[in-house]
Amino acid sequence: MTTIHFPEDFVWGTATSSYQIEGAWNEDGKGESIWDRFAHTPGKIEDNSTGDVICDHYHRWPDDIQLMQSLNVQAYRFSIAWPRILPQGMGKVNPKGLDFYSRLVDGLLEANITPFATLYHWDLPQALQDKGGWPERFIVDAFTEYTDVVTRHLGDRVRHWTTHNEPWVIAFVGHQMGEHAPGWQDYVAALRAAHHLLLSHGRAVPIIRANSPGAEVGMVLNLTQTYPASPSPADYQAARWVDGWINRWFLDPLYGRHYPADMVAAFSEYLPHGLDFVQADDFAAVTVPTDYLGVNYYTRSIARDQNAPDNHPQVIDPSTNEHTEMGWEVYADGLFELLTRLHTDYRTPKIYITENGASYSDGPNGDGRVSDTRRLNYLRDHLMASHRAIENGVPLAGYFTWSFMDNFEWAKGISQRFGMVWVDFETLQRIPKDSAWWYKKVIAHNAITTP
Ligand code: FCB
């Protein structure tokens, strides 16, 4: 056994998002969100569950903060529900919505937990969707209006801001694959949505800086290190494509390179009018300097060109590796390679791992203990990979487990449990799992012990 120490000021956190934990979907003046609408539409959520009540964090947040504090958690990444603040998306502000987050932030600060607030984690006001949503350019102004309201109110106390969580998922899973709200299947809409997400980020950053001087501002991307399934040129091309679609389409513009030329060419079949939604000075806004990049990492991708005649035999075989209940391969080396790649290719100033975790449904045994060894191993292995990246010069400043507690896993409903804390969705009781007790010790020692 070896003990691996993390840098002195390394931030140990945990993460959630508004729709996934809050419940109280129509209380205190909150407007409907696209996830309320989606989850209420039969057939959209695998187990027919909804976020209507879910963890009832909206009422139980003081207990949740206490629990986090008892687990030594230093930072809490949460998101703000836009329709609580502006029920119609724009215009009239709902003071009760602001009050909720104000009390939450004060409670966190009293507990000595640093709030990391995300402005958009997918629950768009339905009223804005009814006007066309992310594919339409008006949404950029709506987002900056919302950003201004929130950061004026909380900017004195929240010192870490994220504009968007995972624009790739919002754009493509929501608008091209249709598995998430709003459930569209339209490639052009997805690319337009992606552009407006990037642009609204760029336009929001200076507003946040004005309202919250000295605070850190960044964006959170879901990134996946991509591997060709064989050494063939065809599989190499396939891997370039996946990397371009998921990673470079967002990283390149954020770090000053505009959209990657190979992908603009690749997407041209979907873009009869080219990139007509991009205006002359958009990229100047998108490339606004930020303080950090947030990285959500769960698994790698393996790219295979199934159509290439006589392709090489596949050499990467993920089947021998462990898979989580999401069906995601456990591959911690991918995190190391991703982090070093971000450092060398993009020179990102500072990185936080804003999400990392695993879905396993282990529940309480006879004496009420939740023995989630597989999650504990997953977290430990990814922390080892993170530490190796730090040793290689990557400016990794903190780590947030996904998730603090079991919650509403989008289209999968409550069937997938990512929490370090078990939630009984009938009684709403919380029980820290073994991984949570382990994480508590990791934080106390600022170190992990490796097998
Ligand atoms: C990410 C989301 C987060 C959670 C995890 C499992 O894509 O940001 O809300 O659902 O996946």
Side-chain angles (χ1 to χ4, degrees), residues 13-23 33-36 38-39 44-47 49-51 54-55 57 76-82 116-124 162-177 179-181 193-194 197 201 218-225 245-247 250 293-301 323-331 334-335 338 352-361 372 374-375 378-379 382 399-421 423 435:
T14 189
T16 64
S17 87
S18 45
Y19 185 73
Q20 294 180 277
I21 64 161
E22 285 178 359
S33 82
I34 57 172
W35 271 95
D36 294 318
F38 197 70
K44 298 294 186 192
I45 310 299
E46 259 180 49
D47 60 3
S49 59
T50 71
I54 200 66
C55 307
H57 172 78
Y76 176 46
R77 173 174 179 255
F78 62 96
S79 79
I80 294 168
W82 185 344
F116 277 61
T118 299
L119 288 161
Y120 187 69
H121 199 130
W122 310 357
D123 38 5
L124 187 74
T162 297
T163 50
H164 295 303
N165 177 72
E166 302 191 346
W168 179 84
V169 174
I170 301 165
F172 291 99
V173 185
H175 298 82
Q176 181 236 319
M177 303 175 201
E179 291 165 16
H180 281 183
L197 284 156
H201 155 83
M219 162 97 106
V220 168
L221 300 180
N222 56 291
L223 297 171
T224 174
Q225 192 68 359
W245 182 40
I246 301 179
N247 303 322
F250 297 90
L293 174 68
V295 175
N296 293 353
Y297 178 85
Y298 290 94
T299 188
R300 66 169 163 181
S301 343
H323 285 65
T324 70
E325 288 177 24
M326 285 293 274
W328 295 347
E329 184 196 5
V330 178
Y331 193 71
L335 176 58
L338 172 68
Y352 292 107
I353 295 171
T354 35
E355 286 182 26
N356 178 239
S359 167
Y360 291 111
S361 55
D372 60 336
R374 292 171 299 176
R375 176 174 297 99
Y378 179 101
L379 298 175
H382 286 77
Y399 175 90
F400 294 75
T401 57
W402 183 272
S403 176
F404 171 57
M405 58 184 157
D406 294 335
N407 58 48
F408 181 81
E409 180 44 41
W410 307 114
K412 304 273 181 194
I414 54 173
S415 65
Q416 298 289 333
R417 292 176 177 268
F418 277 90
M420 293 192 299
V421 171
V423 176
S435 59

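Please read all numbers here as calculations on a predicted model, not as lab measurements. Residue numbers run from 1 in the order of the sequence given. Ligands are counted one by one from 1 in listed order, and the atoms in each one are counted from 1 as well.
Close contacts of ligand 1 with F418, meaning ligand atoms under 4.0 Å from a residue heavy atom, involve 6 (C). The ligand atoms of ligand 1 that sit less than 4.0 angstrom from a heavy atom of Q20 are 3 (C), 4 (C), 9 (O), 10 (O). Interface atoms of ligand 1 facing W122, defined by a heavy-atom separation under 4.0 Å, are 2 (C), 7 (O), 8 (O). Distances below 4.0 Å separate heavy atoms of W410 from the following atoms of ligand 1: 3 (C), 4 (C), 9 (O), 10 (O).
Looking only at heavy atoms of the protein, atom 5 (C) of ligand 1 is closest to Y298 OH, 3.2 Å. Nearest protein neighbour of atom 10 (O) of ligand 1, counting heavy atoms only, is E409 OE1, 2.7 Å.
No heavy atom of M326 sits closer than 4.0 Å to any atom of ligand 1.
Between W328 and ligand 1, no pair of N/O atoms sits closer than 3.5 Å. Checked against a 3.5 angstrom limit, the closest N/O atoms of S17 and ligand 1 fall outside it. Some N or O of N165 is nearer than 3.5 Å to an N or O of ligand 1, by distance alone.
Side-chain contact check for E409 versus S359: every heavy-atom pair is 4.5 Å or farther apart. Taking the side chain as every heavy atom from C-beta outward, M420 and T14 approach each other to under 4.5 Å. Counting only heavy atoms from C-beta outward, the side chains of W410 and S17 approach each other to under 4.5 Å.
The nearest pair of heavy atoms linking M219 to P167 is CE-CG, 4.1 Å.
Taking the six-membered ring where tryptophan is involved, the planes of W35 and H180 are perpendicular, since the angle between them exceeds 60° and thus also 30°. Aromatic ring orientation, F418 versus W328: tilted (interplanar angle from 30° to 60°).
Two rings, from F404 and F78, have their centers 6.0 Å or more apart.
Between Q416, E355, E166, it is E355 that holds the heavy atom closest to atom 3 (C) of ligand 1.
The pair E179-K44 fails the salt-bridge criterion, with no side-chain N (NZ, NE, NH1 or NH2) lying under 4.0 Å from an Asp/Glu carboxylate O.
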